[in-house]
Amino acid sequence: MRKYLIYLVLILVFYLFSLLQESFLVHFAILGSSLNLILISVFLLNFCEKEKSKFGIFAAFIGGLFLDIYSSFYFGFFTLLLLLISLSIKKGKTLLRSSHFISFPLLFVFTFLFYKLATLFLNPTIDFLTWVSQFFCNFIITSLIFLIFKYEAKTY
Amino acid sequence: MLIKKYKILIIILLIAAILGLNKFGGERVRNTFYLISSPLSKIFWRAGEGVSNFFGAAFKINILKKESEAQQQQNLMLLKELANLRALREENKTLREALNLGLEEKFKLFLTEVIAEEKEQNSILITGGAKNGISENMPVITNEGVLVGKIKESFSDFSKVILITNPKNAFDVEIGGDETVLGIAKGKGNLRIELQLVPQEKQLKIGDVVLTTTLGGNFPKGLLVGEVSQVRKSAPEPFQGGEIEPYFTKAHLRFLFVIKKVFEKP
């Protein structure tokens, strides 16, 4: 029962994130970039969870669904994209097996580039400055959240 | 137990169902989601505008002061022009009627509200859809007659608008400087527009106002697009170009109008 409650909470949290991302955070764009809360959450959940856990894959599925709803592109595009990213992060973690200081930025760079290159189908222009600004905005927030949770986990 | 046994099959069926929405019911799913979420979306949109205006003002005080001084000077020049126009208006009845025309006399308008923006796709989501007579390719403007974009997709109660800065948008424009010049405005993404195919021999300068024309049949004539912010001229090239700073980026994108019909002039 508790397990299903966690899944329900995830769906509600991602729903809220999708609304925040599309209606609130767009007003705070820096050089044309704003935070992608869903991508950040999917990355963190897949990076931080245990190897055999499937929660991250479920998160990728739900996050992708919400991105598909707001997108004008084919339904399922973002769902499949985030599922691929989720599986790649799990595989990447297994292959790297190094300290978080190395694997975290490497996997984040991979995630970001994979996501942006895939979305070239929607917006076939590469704006270098926007990509760089998007990368740094999302990377800084992702790193901060990861460090906070890591510190909290050590404390308890 | 059953779920674990048929795990792969369930996943495949789920993915097939999602992909199947592209053919059946995808629009209805999106419309229902927007309908349920629109009250919250509107709250977040207004809150975002309010907070960003507050912090924007705090950071831009020096810039605002300079802009205010420049505008005061411009106001004086405009007042002088207004005095001349008033004199002309007294003499010419036709000119007087043109000056008095409001947007609602030129177009059949539908008032909408912006509830979300998709930055990656340079598009916004507005209230109002097929139920309200909105269909694809209808222009969307602000109350000052500034062009924002056109309807890309119309659901039952909501519509997606692609902004004029979207790379998939290209349309004919006229640039009003000392002489009227024609060109093409093409979206570059990230709230930028490129000006293309302006003949080399024409005079183009920074600050020239860019308006829509009826050539190409994209938009009605005379809608404000922006002003020339950059000019690129190279002698061997047959055409010059530049960049346009769109006016809609300076406006509060909250209430917009969809042009449902253009009234023909008698």
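Hydrogens, waters and symmetry mates are skipped; everything else that's a heavy atom, side chains included, is used. A note on names: the letters A, B, ... follow the listed sequences, proteins ahead of strands, and every chain is numbered from 1.
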Practice task
Could you label the plane-to-plane angle of the A/F28 and A/F24 rings as parallel, tilted or perpendicular, counting under 30° as parallel and over 60° as perpendicular?
Solution key: tilted
Problem - Structural part of B/I15 lying under 4.5 Å from a heavy atom of chain A - result: side chain
Problem - Winner by heavy-atom pair count (cut-off under 4.5 Å) against chain A, out of B/G26, B/G189, B/P167 - result: B/P167
Handout entry: B/V114, part contacting chain A, at a heavy-atom distance under 4.5 Å
Key = neither
Exercise for the section: Please report the shortest heavy-atom distance between A/A118 and A/L81, naming the atom on each side. Expected result: CB-CD1, 3.5 Å
Fill in the blank from the handout: When the 4.5 angstrom heavy-atom criterion is applied to B/L19 and chain A, the contacting part is both
Handout entry: salt_bridge(B/E113, B/R46) N-O dist < 4.0 Å
Key = yes
Exercise for the section: Mark yes or no for whether B/E194, through its side chain, and B/G242, through its backbone, hold a donor-acceptor pair below 3.5 Å. Expected result: no
Completion exercise
When every non-hydrogen atom of A/N138 is compared with those of A/N36, the smallest separation belongs to OD1-N, 2.9 Å
Practice task
Ignoring hydrogens and angles, state whether a donor on the side chain of B/S37 or A/Y15 is under 3.5 Å from an acceptor on the partner side chain.
Solution key: yes
Problem - Toward chain A, the part of B/I43 with a non-hydrogen atom under 4.5 Å - result: neither
Exercise for the section: Please flag which part of B/N166 lies under 4.5 Å from any non-hydrogen atom of chain A: side chain, backbone, both or neither. Expected result: neither
Practice task
Could you look at A/L80 and say if it's the side chain, the backbone, both or neither that has a heavy atom under 4.5 Å from chain B?
Solution key: side chain
Practice task
Say whether B/N31 and B/D157, considering side chains only, have a donor N or O and an acceptor N or O under 3.5 Å apart.
Solution key: yes
Problem - Which atoms of B/K42 approach chain A - backbone, side chain, both or neither, heavy atom under 4.5 Å - result: neither
Practice task
Indicate yes or no: at least one non-hydrogen side-chain atom of A/I85 is less than 4.5 angstrom from one of A/F110.
Solution key: no
Exercise for the section: Please determine if B/E136 and B/K160 form a salt bridge, counting it only when a charged side-chain N lies under 4.0 Å from a carboxylate O. Expected result: no
Practice task
Take the angle between the ring planes of A/F47 and A/F104 and call it parallel below 30°, perpendicular above 60°, tilted in between.
Solution key: perpendicular
Problem - Pairwise side-chain contact, B/F248 with B/I141, heavy-atom cut-off 4.5 Å (strictly under) - result: no
Handout entry: Greatest number of heavy atom pairs closer than 4.5 Å to chain B - which of A/L20, A/L25, A/L19
Key = A/L19
Exercise for the section: Examine whether an atom of B/E117 lies under 4.5 Å from a heavy atom of chain A, and if so say whether it belongs to the side chain, the backbone or both; otherwise answer neither. Expected result: both
Practice task
Select all residues of residues 64-77 of chain A having any heavy atom within less than 4.5 Å of some heavy atom of chain B, and report them by number, or 'none'.
Solution key: A/L65, A/F66, A/D68, A/I69, A/Y70, A/S71, A/S72, A/F73, A/Y74, A/F75, A/G76
